[in-house]
Each structure stands twice: as C-alpha cells, then as structure tokens.
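As the structure lists them, so they are numbered: ligands from 1, and atoms in each ligand from 1.
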Amino acid sequence: MATIDYDYKIDVIKDKIIQLDAKNIILQFPEGLKVDAINVSNELQEVLPDVNVLIDADPCFGACDLADNKVNKHIDLVVHFAHTPLPIKTDCPVLFIEAHSSADIVAPINDALSSLDETVKTIGLVTTTQHIHKLDDMISLIEEQGFSVKLDNGKGTSTGQVLGCNFTSIKNLDVDVILYVGSGDFHALGVKLFTKKPVILADPFKGESRDIEEFYDKIIRVRFARITKAKSAKSYGIIISSKKGQLRFDLALELKKLIEEHGFEAQILNMDYIAPDRLLPFDLDAFVMTACPRIAIDDSAMYKKPVLTPDELEIVLGMRDWDDYQMDEIIIHDEQT
Ligand code: SF4
C-alpha cells in the first residue's frame, strides 16, 4: 500500500500564530492522525521556537469537540486538524486545517464504477474533508464513464461533504446509487442508514471499493435487538454532552418529559467524554443519547444496556414504526455556545 501523506500546512499555521502573536497553542488531531502530532509539533517549534506548542491527547472525533476551553484559558490558539468548522462560539481563536490526503482516488473509484450494473445511470457523490480537494477529479472520472453525477451542499457542510451526523448534502438527491469516497465504514454506514439507497464505498487508502450492504444489515439487526430489549425498560438515562457541538440540552428536557409521560423514570446524565464504564454506577435500564448520534450506533457492542438514539426511543415508546427508522443528526444552524 502506498504511503499516505497529509498536508498539515505548517506555513499557514505559522502565519496565523504570528498574526495573533500567540504564545501558547494547542494542536488537536482526530484519533487516526494523532501519530503525526509529534512531527507537526516539532516542525512548528523549529520555525517558531518561542511558541509553546501543546498536543491535546484527549480523544477528538469531530469539529463538535474543540479544545478551546481546555488548559484554563492559557491557550491563545487551537489548531484543529482534519475537520471543517461548525458554527460554534469558541473561547479563543481556532484555526481549522483540513489535512488533505494525498491518497489516490482513481483506482478505488474505477473499481466502484466497474461493480455497478447497467441500470445505474445517476450517482450521488459524497466524501469527507480529507478528500474534498479532489471533488472535481472525482466528478470528471465518473462522468467520463457515462454516469451523471449529482451533489448538493447541505446545511453546515460544503458541496459533496458528509459528517458522521450530518447528511443534509444527500437529503434530496434523486440518484440510483451513492458513491462515498473515503476510508472506513463510519461515514458510508451513516449515508446508508440515512438514505436507505445502495451505497458503494471507494476507499482511497485501500485502493479498492466495497458495497456497504452487508455491514449495514448487521448494524440494523443490532439496532432492532437493542430497541426490542429497551421495550422492557422502566428507567432511562438521557445522556447529554458538554461538548459544545454535541450539546442538545432542550432535546434532553423534551425526552425526559416524554419518557415520564409514558410512565417511566428518566434522569439526565451530563458527560464530556462518553464511555461505557461511566454508565456503570447508574442503576437505569436503558439510555438515550442526545450527544454524538454515532455513539449509539457504532459503539453499541461496548454497552451492556441498550443505548438508543432519540428516534429509536420513539419506536420503543410506540410513537414511530420500525419501517420509519431514521438516522439521528445534529445540524447546527446558528452560532451556539
Ligand atoms: S457529533 Fe459525532 S458524528 Fe457529529 S461531528 Fe461530532 S463526533 Fe462527528
């Protein structure tokens, strides 16, 4: 497999530090890129030896989770890698560096296109921040092979971009198949759960493509089992996160009221980092996740008790049919704290 490089834009970071006269900065990487953190830190300290460079070692999964309020106001600038900004009010300036990948998109897309049958005419195209700089190349590649391509810009996302919790860019696409260009099942699964359409994943890191259907079937069976188990729950924990981009306080209050109206107990649990062992002290039968929607879906096997999305709770309470299963989203419209 070819070595994949990311463009960490050291010059852009340097210019921003100088412009802000920042003395203390913190670098924030998603889990997959943390291995590069020391190199990036060293490169910055080499060009700006008087600047204190910290690496945020806490888990970081998205732009919903910024390090601006850490280290008790000692930080002048957060440099946040590999995500695009959300409209979140921050305690200090944040520089977003998209960390574009150099991985080849041609082979995996060709592999994906060659797997499609002749009924497919129109393809919906989506990708993530790491590959979005190659969007025009992707479109040309698909059109050259006689397909028509449809893309949209969603709310809070750019054209052709999806987040793990924001699929507005594919909401209204009338297409035969959705082609997701990116690695890992995470986003492709979200696209499938959201659209229910055929989804092909073209993986630039593996240089090949795969259908997400089998993985989707497995996940949807697990969701059905969790919902079934939760139907015997008498008490619920509604989880909120204090991460600014994941905090849905009003939704948590609404869900508490809803659960109580159905005759069950509900407690609201606040957490920053959400993990299975943090739920162990609470003697509750099931949990509803108002923080990152992907925790209930992707981390399900790690939790002993059912962890539901708000829409899944509606199924448990008999307010929604299983056939109307919906993927939970967090769409941040206006700047929020
Ligand atoms: S809420 Fe979850 S899916 Fe959405 S950006 Fe944050 S980590 Fe990603």
Exercise. What is the ring orientation for His187 with Tyr180, classed by angle as parallel under 30°, tilted 30 to 60°, or perpendicular over 60°?
Worked result: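 Parallel: the ring planes of His187 and Tyr180 meet at under 30°.
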
Problem set entry | Aromatic plane relationship, Phe81 with Tyr8 - under 30° parallel, 30 to 60° tilted, over 60° perpendicular |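 Rings of Tyr8 and Phe81: perpendicular, over 60°.
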
For this session: Give me the one residue out of Leu308, Leu313, Leu317 that meets side-chain contact (heavy atoms from CB on, under 4.5 Å) with Leu255.
Result: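 Result: among Leu308, Leu313, Leu317, Leu313 is the only option passing the side-chain contact (heavy atoms from CB on, under 4.5 Å) with Leu255.
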
For this session: Determine, for Tyr325 and Arg223, whether the Lys NZ or Arg CZ falls below 6.0 Å from the six-membered ring centre while staying within 45 degrees of the axis.
Result: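 No, Arg223 does not sit over the ring of Tyr325.
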
Exercise. Checking Asp76 side chain against Lys23 main chain: does a donor-acceptor pair fall under 3.5 Å?
Worked result: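 Yes, the answer is positive, given that a donor and an acceptor are paired below the 3.5 Å cut-off.
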
Problem set entry | Main-chain N/O of Lys197 paired to Lys192 side chain as donor or acceptor, under 3.5 Å |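 Pair found, side chain donor or acceptor close to backbone of Lys197.
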
Problem set entry | Under 2.8 Å from atom 4 (Fe) of ligand 1 - protein N/O/S, by chain and number |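 Only Cys165 SG fall inside 2.8 Å of atom 4 (Fe) of ligand 1.
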
